[in-house]
Amino acid sequence: MDLQLTIDERHGLTAQLYRQLRAAIVEGRLAAGQRLPSTRDLASQLAVSRKTTLEVYEQLEAEGFVVGRGARGSFVGQDLASSAGRSPVSIDIVPASLWRSVPDALAMPRPGAGLRADFRGGVVDRRIIDFAAWRRAVAHAMRKQAHMPGNYRDPGGEQELRLAISRYVGMQRAVACQWNDVLVTAGAQQALDLIARVMVEPGDTVAVEDPGYPPARAAMRALGAHVVPVPVDAQGMIVDAIPAQARVIYVTPSHQFPLGMPMSLERRVALVEAAARRGAVVIEDDYDGEFRFDGRPVESLKSLDHAGVVIYVGSFSKTMFPDLRMGYAIPPPSLMPVLLKARQLGDWHGCTLTQLALGHFMLEGDFGRHLRRAQRIYARRRETLLGWIQGPLAAWMEAAPSSAGIHITALLRGIGEADTVARAATHGIGLHGITPFYEGSPGPAGLLFGYAAVDVDDINASMSALVSELGS
Ligand SMILES: Cc1ncc(COP(=O)(O)O)c(C=O)c1O
């Protein structure tokens, strides 16, 4: 019998023995039907207690790997006969071909280790969050959970959170809705995925801004959409260039990703009309529109939607932090039932603890306080950075106009994107180009400066170094 069992350490004996015997059976070294040594013999052979070998045999028997035949002994299960003796070479399982069009690493910059200042997008300053208040909210949620019935919950999300979101978007974004118009999701990304699931049949056309947000394109492609990049100009997506057969149109009207300009009112009105004519839905991804700096507040596209075609998508990744994985969708009422079904089929309803905590955090006013504080801090960082771009750096770049969000994009003049990124890196400065966000024809070279997590002092020091480098 090819049964080499070794006991390496004197603790965890049962687990060691179980793993080795199971592996011997699964790999076919112990053939189906073969008799195992008695628990007494094996115990004395390995110098372990009989209790240990008995427990291991019982476990293997419960799982069907071993069959006990009373006084005749224990045998390797017959059901395993077909797997015994199989080839040890593993084969490549081929996933559905649609996934070939989804990039391995989505074109989002990776965290830069060891940089003195990293201006990558999509990052917030976690240090400014009041974690004492967040802890209180989580403790409240745990107390509440203790009294909840032991069953599944509403796929739309916890009512407190939906209520808090409905009040918040009503006040901040002029989106008029009730609590049950809100579908809580695991970040904006899950909202995009759910919308794609319920709207896209393989081959359907989805229009996306170009340049645009790669994870949105990928979510649509993964479900078989024919994704058509539509160019943007200073007013946002060029509505006349949207294909006639588009079923879904994805836009970032408050703060075009990645260029930054808001969509003009004229375009917003034209977009809603164009969608209504086609029977298409418009996804309004309002990922960081709550941070507004100069000028008139940019209202949501949803607030202009008289036709019932706009799905408003929000995220807590910028207003709280991205790993919270909290977001929401406010669809037209006609789409809510199918979105609820899709959410339920995916993960039923997500984590109630986080939802209850966030709802409490919002309803208690802690979220509002945090946003006001973050807005003040981010405004100073933004002004500082803009001062550099519009001042000492103006010979090499020009900031694209924007009035919201936590990144600024600057278009380059006379210098190359990759070269500038590489030269900045020699000074420990993480800069990030916008070329990866283009899908159709390549656009002008530029840099996306995510400034939310970089202190004013670090902005000054790194931009000063960049000016010296570019001027050398
Ligand atoms: C355009 C855009 N949409 C959405 C998000 C946020 O997505 P999520 O809520 O899934 O973190 C981001 C984050 O960087 C973004 O840039």
Side-chain angles (χ1 to χ4, degrees), residues 107-109 112 115-125 128 209 211-213 232-236 252-264 285-298 315 317-319 322 374-415 417 420-421 424 429-438 443-467 469-470:
M108 297 292 284
L115 295 173
R116 80 158 113 155
D118 189 1
F119 290 91
R120 80 198 130 105
V123 181
V124 294
D125 194 339
I128 67 177
E209 294 168 321
Y213 184 53
V232 299
D233 64 14
Q235 295 192 65
T252 46
S254 305
H255 188 220
Q256 202 278 334
F257 187 90
L259 298 179
M261 67 286 178
M263 183 180 260
S264 70
D285 181 358
D286 199 14
Y287 62 104
D288 66 358
E290 35 271 284
F291 295 109
R292 290 193 296 265
F293 300 100
D294 32 52
R296 230 164 38 88
V298 195
S315 170
S317 291
K318 305 295 186 308
T319 51
Q375 167 95 20
R376 273 197 312 277
I377 293 170
Y378 292 166
R380 274 199 64 215
R381 294 178 184 175
R382 178 184 153 88
E383 259 168 49
T384 307
L385 179 63
L386 265 179
W388 281 97
I389 296 174
Q390 291 170 343
L393 286 165
W396 300 287
M397 59 187 77
E398 181 180 359
S402 72
S403 54
I406 54 172
H407 75 258
I408 293 173
T409 294
L411 300 182
L412 299 179
R413 17 177 185 241
I415 52 174
E417 197 176 286
T420 308
V421 169
I429 307 164
L431 295 185
H432 305 278
I434 58 169
T435 306
F437 300 119
Y438 280 89
L447 297 171
L448 183 151
F449 289 91
Y451 58 78
V454 190
D455 290 335
V456 165
D457 287 350
D458 288 335
I459 295 176
N460 283 329
S462 52
M463 290 302 106
S464 167
L466 184 63
V467 171
E469 171 62 35
L470 294 177

Would S402 and M261 count as a side-chain contact (heavy atoms from CB on, under 4.5 Å) here? Give the steps. CA-CA 5 Å; S402 72; M261 67 286 178; 5.8 Å; no

Side chain proximity check, [X] to [Y], heavy atoms < 4.5 angstrom:
X: P262; Y: S403; value: yes
X: I429; Y: L115; value: no
X: I459; Y: F119; value: yes
X: E417; Y: P436; value: yes

Any idea which heavy atoms bring [X] and [Y] closest together, and the distance?
X: A399; Y: I408; answer: CB-CG2, 4.2 Å
X: A374; Y: F291; answer: CB-CE2, 3.9 Å
X: V124; Y: K318; answer: CG1-O, 3.2 Å
X: A410; Y: F449; answer: CB-CE1, 4.0 Å
X: V454; Y: D118; answer: CG2-O, 3.5 Å

Residue pair D286 / S254, side-chain donor-acceptor N/O under 3.5 Å: yes

Sole candidate of T409, D288, D285 that passes side chain to side chain donor-acceptor pair (under 3.5 Å) when paired with H255: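 For H255, the side chain to side chain donor-acceptor pair (under 3.5 Å) test succeeds with only one of T409, D288, D285, which is D288.
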
Below 4.0 angstrom, N of the basic side chain to O of the carboxylate: do R116 and D458 qualify? no

Quick one: side chains of residues 387-396, donor-acceptor pairs under 3.5 Å with protein atoms, not counting sequence neighbours, listed by atom name and distance.
residue: W388; atom: NE1; partner: N460; partner atom: OD1; Å: 2.8

Enumerate the salt bridge (charged side-chain N to carboxylate O under 4.0 Å, His left out) contacts for residues 393-402, please, sequence neighbours excluded, ordered by first and then second residue.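 As it turns out, the salt bridge (charged side-chain N to carboxylate O under 4.0 Å, His left out) pairs with a partner in residues 393-402, which skip direct neighbours, are E398-R413.
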
Is there a ring-ring contact (aromatic ring centres under 6.0 Å, His included) between F257 and F437? Walk through the geometry before answering. CA-CA 9 Å; F257 187 90; F437 300 119; 5.0 Å; yes

